[in-house]
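First up is the structure itself, then whatever we jot down about it.
Here is the naming used below: chain letters follow the sequence lines, and residue numbers restart at 1 for every chain.
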Amino acid sequence: MKNNVNDFLKQLNKEQHDAVVHNDGPVMVIAGAGSGKTRVLTYRIAYLLSKGVDPFNILALTFTNKAAREMKDRVINLIGDGEARNVWMGTFHSVFAKILRIEGHLLGYPSNYTIYDSTDSKRLIRNIISDMNLDNKLYSRSFVANRISMAKSSLISTTDYANDPDIQSADESSQKPLIKDIYTSYQARLRRADAMDFDDLLFNTYMLFSGFPKALYSYQQKFKYILVDEYQDTNHAQYLIIKKLAANNEFICVVGDDAQSIYGFRGANISNILNFKSDYPDFSLFKLEQNYRSTKTIVNAANKVITYNKDQIKKTVWTDNHSGDLIGTIKAKSDNEEGRLVAESIFEKKMNKQLTNNMFTVLYRTNAQSRSIEEALRQKNIPYRIYGGLSFYSRKEIKDLLSYFRLVINQNDEDALLRIINVPPKGIGKTTIEKVVVAADLHGVNMWEIISNPLNFGVDINSGTQAKLRNFCIMIRSFIVENKTKDAFEIAVHIANSSGLLKSLRDEDTPEGVSRVENIEELLNGMKEFTEKAIEKSDGDLSIKKTLNEFMEDVALLTDADNDDDDKDKVSLMTIHASKGLEFPHVFIVGLEENLFPSIQSISTRSELEEERRLFYVALTRAMETVTLSHAETRYRWGNFTFTEPSRFLDEIDDSLIDRPKPVMFNTSQKSSPSISNLSNHGNFKKRNLKPLTISGVNSSADSSNTNNLQEGMSVEHANFGRGKVVAVEGNGPNKKATVFFDSVGNKNLLLRFAKLKIIS
DNA sequence: AATCGGAAGGTTTTT
DNA sequence: CCTTCCGATT
């Protein structure tokens, strides 16, 4: 043990301390923002271990991988690596996925079942809708997917769904009575593919524990001590699983804050907090109300905002910290200007107060808003990192390669099969695939069986096509054989090459192709790291190299935010949802406009509006020192710009805490200078050429616009003119100019300050 | 069977 | 605006 127990307990305040050492029965901790919630959880784990509890008996559940990793790190800090490693800490989904790998056979799943992410399951739903010849405008994929997901997370099976009169009449009145059949067929197809979607991980865990008392009992014995983070975000399925696991020992500790419940849209149910009382009548309640994170101004502003919500648990968050600055505001003419003003403000603060980039974050409601901010930061040469957005793992080329891996591990994975059977092109076209699909349905077998032996199933194809299918199967089988002896990295490289995937992308010879190859290389590098890290850890042991199977077990549950290379000094950009649990000295919340934040979909019902307000509350309480709220008067939406109204949330901040823009007198001549000149930039609206995304924003800033070292003879790329060669460089500092010869337009004289040149070589 | 172009549709939020 | 899907063309 690294520290003496009493030493680390001294670092807690009274309430935190009591919550940590309370050792008798169920515990609920209601923790205001910034009050040391994670601290209580980690210290509690450390405390249990110090009392001699076996780490193997502790289960700690979080919602994001990031939160899980942070918790693990902090526990390791407290008590050292050895014991902490054996505590089960992870997201609900990853922990349950692990359990299902072991116990899934009881439900008829092999241990190598595939996890479908939401893209995969939407593809499958799309296929089913078109197979059923339904109007795919009426039966929109996302609507159906949502409906099914809601059902599953409430543990409503396909039969329950079809037999529930309320559900049926709801579907009938929305003109979609056949959702029940789509749901049934969807589950059947997942089964046939030995696949589970995200909701199945919860649904099946519940089925396992309710249908197999022996299995339940053994996990109850294993997980004697259960801790749950962000309890307010649990959905019905998660709630019941925890309840079952805890039923024997009732040594359960849940931590949450009803004011930060922001996942209602995916079935999270605040009443789980309220029900805790009735589930565990002898529970102890602790309230953490002292905020250690933020200034008085921020705490008071957030408190005031949340009072506009009717439904909430009473608590008084307060702080001893200094008052700090007033909340700042930015009012911009357009979303582009908003980006510019935010970037300028970051730049100024940085200079005036000697701050670093990583002290800043820009938060927004929707991922799409990142673009104008990105552009502005890039122009100001401020490095940034985007969390979330289009996930690295959802890029086409990555999905394709991963699909090869998936098929090697599980040949029943039909989504993977369909994705790659003709990628790169192998002459297996639509007609053939259609025949295979039909035969699979007809015989009730998996598509892999059909293509392995088309003649057995009477599939009518010519010998040329037969040979092509045979070659495909032979290739996959050879990968399967190789996979038995190679580690994850070796087999991955082998597949990337032998499948022809890398070659076909290289042959494209386009900038997109190059960036796709880079992405694949990035994935392979990550796999190399994964493989080698495992070797390091197992020092002494006989070659415990990580296998492809092990890699693939994790990958479906990973998101971009999990690539933690953020030791760099960068401004963070993310959605408010993604920011939960994090803190930053200086926070910008952008796009505070009606219909955007609060979102247009949520302003019609009280509960949804209140969730938006909690979201705003979460955003405000991320900040330690300053908050700046910004909105734009016009914003691009679907190609043309629309006028917007300031968000109601702006008005809900107490006047004494915010620095509102002074109302401008009507004086046409004076008003002109900044605003009109900005509007005259109209042409800029059209030039929104998005740079190809680099992986998680790495090097998005530094080398793309750092033209300080530009030299004669270099190859460069310009957003509009394409590639060119530097003919001459002259001038210094801000007036540095270059003459560049572009293939498209010939010689151009460019002021480097403005032209965003990218150095190629 | 592959490729290209036009049309249509889509923005909440995440595991 | 951007991505994805479908059909027509080669």
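- Atom pair A:Ile241:CD1 and B:dT15:C1' shows a separation of 13 Å (rounding to whole Å applied).
- Among the heavy atoms of the strands lying under 4.0 Å from A:Tyr263 are primed sugar atoms or P, OP1, OP2 only; no base atom is included.
- With B:dT13, B:dT15, B:dG10 as the candidates, the nucleotide lying closest to the side chain of A:Thr575 is B:dT13.
- With DNA chain B read from its 5' end, the first of the two nearest nucleotides for A:Gln601 and A:Lys430 is the one closest to A:Lys430.
- We find that the ring of A:Phe265 and the base of B:dT13 stack, their centres lying under 5.5 angstrom apart and their planes tilted less than 30°.
- The A:Arg266 side chain lies nearest to B:dT14 when the options are B:dT14, B:dA1, B:dT11.
- Taking the side chain of A:Thr431 as heavy atoms from C-beta on, and the options B:dT11, B:dA1, B:dT15, the nearest nucleotide is B:dA1.
- No hydrogens or angles considered: a donor-acceptor pair under 3.5 Å links the side chains of A:Tyr186 and A:Asp197.
- Taking only side-chain atoms of A:Ala368, from C-beta outward, the nucleotide of B:dT13, B:dT11, B:dG10 with the closest atom is B:dT11.
- Within the 4.0 angstrom heavy-atom criterion, no nucleotide atom of any strand lies near A:Ser602.
- Nucleic acid contact for A:Arg123: none, since no nucleic acid atom lies under 4.0 Å from a heavy atom of the residue.
- Residue A:Phe597 is out of contact with every strand shown, counting any heavy-atom pair closer than 4.0 Å.
- Taking every side-chain heavy atom of A:Arg141 into account, C:dC5 is the closest of B:dT11, B:dT15, C:dC5.
- Although no hydrogens or angles enter the test, the distance criterion places no donor-acceptor pair under 3.5 Å between the side chain of A:Lys152 and the main chain of A:Met150.
- In this structure, CG of A:Asp335 is placed 13 Å from P of C:dC1, rounded to the nearest angstrom.
- Across the protein-nucleic acid pair, A:Asn65 atom CG and B:dT15 atom C1' stand 8 Å apart, rounded to whole Å.
- Phosphate proximity of B:dA1 to A:Thr432: present, with a side-chain N or O under 4.0 Å from OP1 or OP2.
- The side chain of A:Arg371 has C:dC2 as its nearest neighbour among B:dT15, B:dT14, C:dC2.
- Atom P of nucleotide C:dT3 and atom NZ of A:Lys396 are separated by 14 Å, given to the nearest angstrom.
- A:Arg648 CZ: more than 12 foreign heavy atoms inside a 6.0 Å radius.
- Across C:dC6 and B:dT11, the matching C1' atoms stand 23 Å from one another, rounded to whole Å.
- Remark: side-chain polar atoms of A:Thr642 are paired, donor with acceptor, to backbone N or O of A:Arg635 under 3.5 angstrom.
- Look at CG on A:Leu201: it is 9 Å from C1' on B:dT15, rounded to the nearest Å.
- Side chains of A:Thr114 and A:Asn410: a donor-acceptor N/O pair is present below 3.5 angstrom, by distance only.
- No side-chain N or O of A:Tyr263 forms a donor-acceptor pair with one of A:Glu230 less than 3.5 Å apart.
- In this structure, of B:dT14, B:dT15, B:dA2, it is B:dT15 that holds the atom nearest to the side chain of A:Ser118.
- Nearest nucleotide to the A:Ala578 side chain, out of C:dC5, B:dT15, B:dT14: B:dT14.
- When distances run from any side-chain atom of A:Ser142 to the nucleotides B:dT15, B:dT11, B:dT13, the shortest one goes to B:dT11.
- Salt bridge present: A:Asp120 and A:Arg406 bring a charged side-chain N and a carboxylate O closer than 4.0 Å.
- Taking atom CD1 of A:Ile433 as the reference point, atom P of B:dA2 lies 9 Å away to the nearest angstrom.
- Distance A:Asn367 CG to C:dC1 P: 20 Å, rounded to the nearest Å.
- Rounded to an integer number of Å, the gap from CD of A:Glu612 to C1' of B:dT13 is 8 Å.
- A:Asn422 comes within 4.0 angstrom of sugar-phosphate atoms only, judged by non-hydrogen atoms across all strands, and of no base.
- Nearest-nucleotide assignment on DNA chain B puts the 5′-proximal partner with A:Lys426, out of A:Lys426 and A:Arg637.
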